[in-house]
Structures are given as C-alpha cells and as structure tokens.
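Start at 1 and go down the list; that is how both ligands and their atoms are numbered. Basis for what follows: all heavy atoms, side chains included, without hydrogens, waters or symmetry-related copies. A quick note: this is a predicted structure, and the numbers were derived from the prediction, not measured.
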Amino acid sequence: MPTTDNALPPVLGFHARVGARGEPGPAPRRITAGEAVPFTGGTCSGRLLAGSGPAVPRTADGVTTLLAGELYHRDGLPAALGGIADDAELLLEIWLRYGRAGLRLCNGRFAAVVVEADSVVIATDHAGSVPLYVRREEGAVHVATEAKALAGGGVDLALPGTEPVPGTPGVLRVRAGSAVTLRPAGPIGAAEWTRTWTPPLHRLALPPARAVRRVADALDAAVRTRVRGPVTAVLSGGVDSGSVAALASRAGGRLTTVSLGTDAGDEFAAARVVAEHVGSDHREFRCGAEDLVRQLPWAVAAAEIVDAEVIEYLLPLVVLYRALPPGGRLLTGYGADIPLGGMHRGTAELASLDDVIAADMAGFDGLNELSPVLSTLAGQWTTHPFWDRDVLDLLTALEPGLKRRDGRDKWVLREAVRDLLPESTVRRPKLGVHEGSGTTGAWTRLLLAHGVRTSEVGAVKNAMTAAIHRRVVGAGEHPDAVSFDDVLAAVLATRAAPVIPAQVPPVWKAVVS
Ligand code: AMP
Ligand code: MG
C-alpha cells in the first residue's frame, strides 16, 4: 500500500492542559496510534500525537497554536501568509492577522487550540470532523481529541458551544463550527462561544447544467487538495466513492482502491468495475461477518458514541482500516447522502425532501461519523471530499429539484461524474456499508441466537454499545480487553428474561402430576 512522508498530517491529535505553570503530565489515554510527543510552551503543555512531519506547537508574538489535522485551502489564502512550515503555523499567521474571526476562514479537517495571554480558544472545523473535548479543573482547562483522555472524575458543567459526553461527567464536546474562548483562571461564566460555520438554510435555484458544472468543479478541487502523493480510496463501487476514486486518479496521485466484504455479503463486483475503469491498483479484503461484529469495542473506542445505529455504519470501516498497513492517506465517499438526501429515496415531495435534508444537516453534530480516530487507531489518515466545506455548502444549498430529478436520487452528482465513471456506476442505487458488508444482519443473528426477541434487537444493540462505551471511554479500557460475548451476556443478564421456558419446570411437573 503506498505511503509517503506527507500521507499523514504532522499532528493526528493532542492532549493539552492550559493553566499556570504547565507540565506535560502523564501520557493520556488514547487509541490513536503513534508517538505522544511532550511539549511545554508558556501556560500550555501536553502531548501531540505525531503523524508524519514535526509534531510541534507554533508560537509567535505571545500566541501559541496547536493544530491536529490539516487545512485545505492553502492556495486561496493571502500571499502575505507565504513561507509557512505547516498548518499550525498557517493558523498562527491567520490568527495574528485576523484574530478569532480568522477561524471562519479555515476550510479544513482540524481541531485547534490557540493560547494568547490569559485566554485559550478551542476550535473545531465546520463539521466538527476532528472531535474535540474539554474539561475544566481549578485554574486550568484540559483539551483533548479523544474523550477517554479526559474521563474519570469531574462534575457536570455547562459551557457555551459544548455538549456533555454521555457517561463521562465533566467532559464536554465542542460543537461543530465553533470556537470557545475560556479564561482558565477566570470565572466559567466568562466563556464565549463564536460560531464559525452553520449549515446553509437558503437554497440556490440554478439552471441544471450550471449546477452540474459547479458540483463537478467543487468536488474536483476538494479531491485535488487532498491528494498529496499516493492515496487510497475506500471503494464500495457506488457513485460516491466511485467519484472520489475517479477524481483522485485524474488528480495524478498513484491510486490504490480497497474494498471490504464478508462471508455474509460484499459489493466486490461493483467495486471492480470502478477500479478497472479508473485504472487503480485494487485490493479486496474479506473477513467473517461475526469476526467483524466482534470488533465492536474498537469502533466504540474510536467513535466514542453510544448510538448503535451509527456504530453499525462505522464498524465495517474500522475493520477495513485495521486490515490495512499503517501510514496511508485514505479518501472516502462518506457523507454525500446527507446534503443530497440520498437516504430519503422514498420521500416523494420536494418540500419534504428539503425538510429532511435540513433536519439531517442540523443533526449530524456529535455523531462523530467523520472522526479521524476511526482510522488513526490503525495509523491511517482519512479525509472526506464530500464534507469539504465548499462542497458541503454547495450541495446543501442546491434546491431539492436538482437532487431529485427525472426519478433519480442524487441527480446532480450523478450528472456531474457521468463522464468519469461507467454508466452502471452512475446509475447504481445506494447500498449502505453496513448492508453491503452484512454487518447489521450478522449482529442481529448473533442476538437472535441468544434468545433476544426481534422487537428487542435495537434496544439490546444500544445497551451493548453503551456498556462498551462505559468501559473503553469512561474507564479507558483497551478495546481488546473488552469481549463482545461478555458484554452481550452481561446486557442479557440485566434484562428481564425474555425466553419462554420450552418445557414445564420439574417442580411444577411434580405438583401437576
Ligand atoms: P455508504 O454507507 O455506502 O455510503 O459508505 C460510505 C463510504 O464508505 C463509501 O463512500 C466508501 O468510501 C466507503 N465504503 C462503503 N462500503 C465499502 C466497502 N464495502 N469497502 C470499502 N469501502 C466502503
Ligand atoms: Mg454504499
């Protein structure tokens, strides 16, 4: 699998403490792979989780910046910001010139900390695609890119621009598109929340041909800025990942494509059609569906959420990332369905389609579907062109008649990539990764085999996810130390016995006879 020195950003994640007299402190709990590099700079200290390149904070004029992840619009930033070593320094230059408002300029996949004088600003990208967590203690704040680093002790507290993390008292998640300003030594009431992005609510009525061209151009630009040497596209064979693979191939990077299947299902034939068309070096990975489901603790430890339905989408991808050799830059087709309404094929009226798109765009925050930890746990860096800020703004804003047209879903995207892909791929209906890989079915079958009633499957899946979350996030246990079967047994033991006895117990028999 191809790798280069810049396949990963310099910093994949961090744990920082901001307050008087900083010391790096003990290594934080985390499942991000790679070295944890200690640093101390003024009142800020902690560890940077190294990717490729030097993992260092950047400091000038009394301002220090930490940045996990990367920025995507270096070409578009003012020439005055030239001669920049890395994206932490770019953020520093933006800050020195524009202050906090400069965060509204940043199109990237990042979480950042900016320390200046007695205040600290903690910031997410537009989509919150690198989850960021905060906990306060007397005279200091702790900030980390994994909630488990901050768990254990603490009382619930409210902070503007944040949400509590279930099962971890005192730990708050910074909302998407947000910058929260705190004074570690000051009163909590002085915290301020600045929004740096919100999903567009207006809609653009464009001539269809123009809309198609704009989508083609925006997606092409998003893929190009993400191709930095050899890349791998995770390929289902659908139109979303197919588009990304085709554009990556056109952008000139050496392209590998990878597909995951199980003994319960695969989309290998559809993926091969794309791979042959775009000329990628294509690999297939197959594993047992039950083995895949038993890796559930890894998916929960990475996503740090308790919603089993979302975990079902993420689990096959985590399994795929774990199967790949480390050090790769992975492009996915994840997330195209949200602004385009691809999950709502049954919604006939355009007004309803637009309403569900608006609701989905208002509700993605906190699902952590784009978290880099899903792949950095295996030393991979993922990036998602469909959730590039410019692509997402455009796709969301297009009027729904461009998304549903001529009886087709995701019409504008399918037309935009018509020349790049085989006709069968352009027309292919959506199949979720959890369906194509048989993940949902395999987990359900395991539960049914343990006597769980069909009507209870959803509740048991959620209870298992929450139980695993308590262990791998709340208590910081290693995912390999948490057995799927033990968790299932424990969950079933705490529920009212759902199994109806097949025969009359012996003691009753004695009474009856
Ligand atoms: P989906 O749920 O089908 O929208 O999947 C989201 C993204 O995950 C796709 O765009 C692909 O990049 C990736 N993906 C889905 N299924 C597979 C698979 N079987 N093998 C590899 N990548 C996949
Ligand atoms: Mg799919």
Query raised in the report: Could Arg322 and Trp298 be counted as a cation-pi pair, given that NZ or CZ must be under 6.0 Å from the ring centre and within 45° of the axis?
Result: yes
Report task. Can you see which heavy atom on Arg214 is nearest to which on Leu206, and at what distance? Result -> NH1-CD1, 3.9 Å
Query raised in the report: Okay, side chain of Thr382, backbone of Ser375: is any donor-acceptor separation there less than 3.5 Å?
Result: no
Report summary line: Distance filter under 4.0 Å, heavy atoms only, around ligand 1 gives Val234, Leu235, Ser236, Ser241, Val258, Ser259, Leu260, Leu317, Leu320, Thr332, Gly333, Tyr334, Asp337, Lys430, Leu431, Gly432, Val433
Query - Electrostatic pair Arg173-Glu304, nearest N-O below 4.0 angstrom - result: no
Requested in this report: Output, in order, the C-alpha distance, side-chain angles, deciding distance and verdict of side chain to side chain donor-acceptor pair (under 3.5 Å) for Asp388 and Asn107.
Outcome: CA-CA 7 Å; Asp388 177 88; Asn107 174 11; 3.2 Å; yes
Query raised in the report: Distance-only, no hydrogens or angles: does the Ser371 side chain make a donor-acceptor pair with backbone N or O of Asn368 under 3.5 Å?
Result: no
Query raised in the report: Checking Arg109 side chain against Glu70 main chain: does a donor-acceptor pair fall under 3.5 Å?
Result: no
Query raised in the report: Is it the case that Arg226 places NZ or CZ above or below the six-membered ring of Tyr72, under 6.0 angstrom from the centre and within 45 degrees of the axis?
Result: yes
Report task. Under 2.8 Å from the Mg ion (ligand 2), how many protein N/O/S atoms do you get? Just the number, please. Result -> 1
Query raised in the report: Is the backbone of Ala336 close enough, under 3.5 Å, to the side chain of Asp240 for a donor and an acceptor to pair up by distance?
Result: no
